[in-house]
Amino acid sequence: MRDQNLPAGPHRSNAAARGVAASDGRVPDGTAPDRTTPDGKVPDRTAPDRTAGPTRASAAVVLIATLAATALLIPRVGPDLSFAIALGDALVFAASLWLVGRERYQVVGYAAAGVLALFVGAGFVLATGYASLQLLSAMFPVTTPELVQSLGLQVASATVVVFGGTVALVGAVATVGNVLRAETAWDHAKLAVKTFVVPLLVATLLLASTVLGRVEGADSAPVTAPLVDAVGGAVDALLSPVPGRAHLFTFCSLLFVTAFVVERAVKALPVAELTATRSDGGREAAARTLRRAADQAALASGVALPVTLVEFALDPAKIESAVTPPVYGLLAAVTGAGVLRWVLAVALVASLAALAVTWLLRRVSRIDSRTVAVELMPFVGGAGVVVLVALTHGTALDIALTFVADRLPGSFATEFTRQSSEVVDFYGSLTVTLTVAALLVGLTALLSLLLTVVISVEMVPSDVAPPALAAGGTFVAAAFAAGAGVGAPVVLVGLVASFVAWDAGEYGTTLRREIGDTGRERGPETAHLGAALAVGTLGAVGAVLVYEYAPRPSVAAESTLPFALVAVVVGLFLLVAALR
């Protein structure tokens with residue numbers, strides 16, 4: 001109701017001055033009222049949106065420039081199929097990041113992203129490996145040993161070109177939807193690690209069952225024989241030591257670890273909650289006593305550990321004479337008792353299991369059912385990888401082995417075929433294929449972790465990470481293309497494309513923050529991009545003219561090498577200064 005003690009005119013002006021909202025939800029001056037956040041604070045409309053990507057036009061420029069440069073560079077150092085595989089891998093990687101970042105259908109999205117992690121790793125390996133194998137088959141064997149070094153450097157440069165081009169395509173495709181950020185890269189890395197656990201565990205069980213099922217031939221097991229021997233020796237030394245002498249170090253180490261883990265497990269167990277209906281408190285007292293005994297055992301064995309190192313420096317006879325034979329005999333009987341060591345080992349395993357179950361239950365109890373489902377979906381994706389491998393392992397493995405063998409030169413192909421046949425015959429195609437699949441998922445996790453680190457430590461600006469990745473990958477591919485035998489004009493086109501992609505992504509992101517993506521930015525954006533492209537093109541044309549018509553002294557001459565080194569250092573300094 002209107003205040004009768006105030007005149008109408010002043011009342012309206014005061015209301016407008018105080019920003020009182022009208023009936024349509026807007027203040028009288030026509031602006032929208034400030035909405036408060038759930039914590040009661042008014043949002044800062046002037047704060048920049050750190051998650052906003054470049055404008056649509058700038059994102060299109062980044063994508064087109066990167067596609068054009070990689071389409072020129074990759075087919076010139078390897079087969080055309082490598083470019084197609086790299087582009088497909090970039091699309092799959094971007095789709096995985098998009099699925100991880102979506103709030104809707106997050107449960108299904110996490111499972112699908114887990115399965116796609118297999119194809120992301122396979123794409124990186126196929127794109128780079130295919131180009132390397134194709135060059136190896138074309139260049140080797142060589143007629144003279146002097147050619148090995150130069151051709152090897154050319155193959156290495158070509159591999160870096162394809163890898164850099166693949167990274168550039170990942171950044172370019174991710175720029176379109178701005179799906180690559182520090183938080184999404186970290187979430188994708190965690191998802192890939194969880195997905196990696198399932199096929200790795202199944203592959204490990206299959207490998208172990210195969211080796212244990214062929215005990216008589218375990219010493220000749222391909223690939224894993226040294227690992228099996230090392231693990232078997234460590235287990236024997238820990239649980240079945242040589243009788244007749246003291247084994248102080250291994251016994252104290254096992255006792256210290258077991259006591260420490262038992263104390264942690266008893267502390268983590270919800271003893272009070274489990275005994276809430278009992279009034280005598282006997283179980284709580286028993287738990288405290290067990291914790292105290294384990295803590296004292298861990299302390300005593302930890303103090304004794306440095307002293308036990310003396311058995312590695314002195315002969316057992318000298319130690320026996322120093323502590324007298326009866327005392328040494330008692331030490332040998334206690335520290336070499338297999339039954340006592342087995343009891344400690346069982347207690348250690350049980351305590352670790354109790355710790356894991358307690359941690360899992362506490363974590364589940366604090367989160368809702370949807371979050372639990374999201375946390376478990378990467379493991380479902382890992383199970384999907386196992387099922388996919390089980391359905392296709394025979395055909396996929398035969399195709400892969402034949403593909404590699406056909407592209408290895410000379411005796412390398414024969415040796416590869418022989419060794420791979422031995423491995424497949426011993427372990428079976430399912431075990432071998434599943435192991436490779438687990439490694440590919442692990443490669444995806446490693447790539448995501450590297451992206452997270454690169455963005456987190458500001459090696460690339462976090463707010464323009466996708467275009468920076470596209471520009472950096474293109475620059476690396478162009479820089480190494482010369483070593484792979486690509487001509488100077490194509491190299492310069494790649495360098496110009498990298499700078500155009502970076503400039504478009506950075507400027508488009510800044511412009512979108514300031515005035516939005518509403519169409520008003522088209523004028524200044526077009527002028528800026530046109531100027532950047534013109535400057536880059538003029539620089540490239542000037543470099544081509546110098547390359548074609550300038551006198552070319554011998555680079556190998558001692559008088560020109562210092563000038564070349566100074567020119568490279570100055571060029572890198574100017575490049576870094578320009579990027580800063």
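Quantities reported herein were computed from a predicted structural model and do not represent experimental measurements.
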*asked:* Ignoring hydrogens, what is the shortest heavy-atom contact between A259 and A294? Give both atom names and the distance.
replied: CB-O, 3.3 Å

*Carefully, step by step, assess T159 and T128 under the rule side-chain hydrogen bond (donor to acceptor under 3.5 Å, both in side chains).*
CA-CA 6 Å; T159 303; T128 56; over 6 Å; no

*Counting only N and O atoms by type, is there a donor-acceptor contact under 3.5 Å from the side chain of S420 to the main-chain atoms of T417?*
yes

_Centroid-centroid distance, F93 to F119, less than 6.0 Å_ = no

*Check the pair L451, W186 against side chain to side chain contact (heavy atoms under 4.5 Å, CB included), reporting the backbone distance first and the verdict last.*
CA-CA 8 Å; L451 283 178; W186 175 239; over 6 Å; no

*Take R418 and E422 through the salt bridge (charged side-chain N to carboxylate O under 4.0 Å, His left out) test and state the conclusion after the steps.*
CA-CA 6 Å; R418 183 186 66 81; E422 291 180 358; 3.0 Å; yes

*Can T335 and R341 be counted as having a side-chain donor-acceptor contact under 3.5 angstrom?*
no

*asked:* Quick one, L440 with T444, criterion side chain to side chain contact (heavy atoms under 4.5 Å, CB included). Give me CA distance, side-chain angles, the key distance, then yes/no.
replied: CA-CA 6 Å; L440 293 176; T444 302; 5.9 Å; no

*Can you establish whether the number of heavy atoms outside Y110 located under 6.0 Å from its atom OH is more than 12?*
yes

*Working for salt bridge (charged side-chain N to carboxylate O under 4.0 Å, His left out), residues D295 and R292*: CA-CA 5 Å; D295 189 49; R292 189 180 305 110; over 6 Å; no

*Can you tell me if CZ on F163 sees more than 12 non-hydrogen neighbours from other groups inside 6.0 Å?*
no

*Residue of the set L116, V92, L180, D187 for which side chain to side chain contact (heavy atoms under 4.5 Å, CB included) holds with L97*: L180

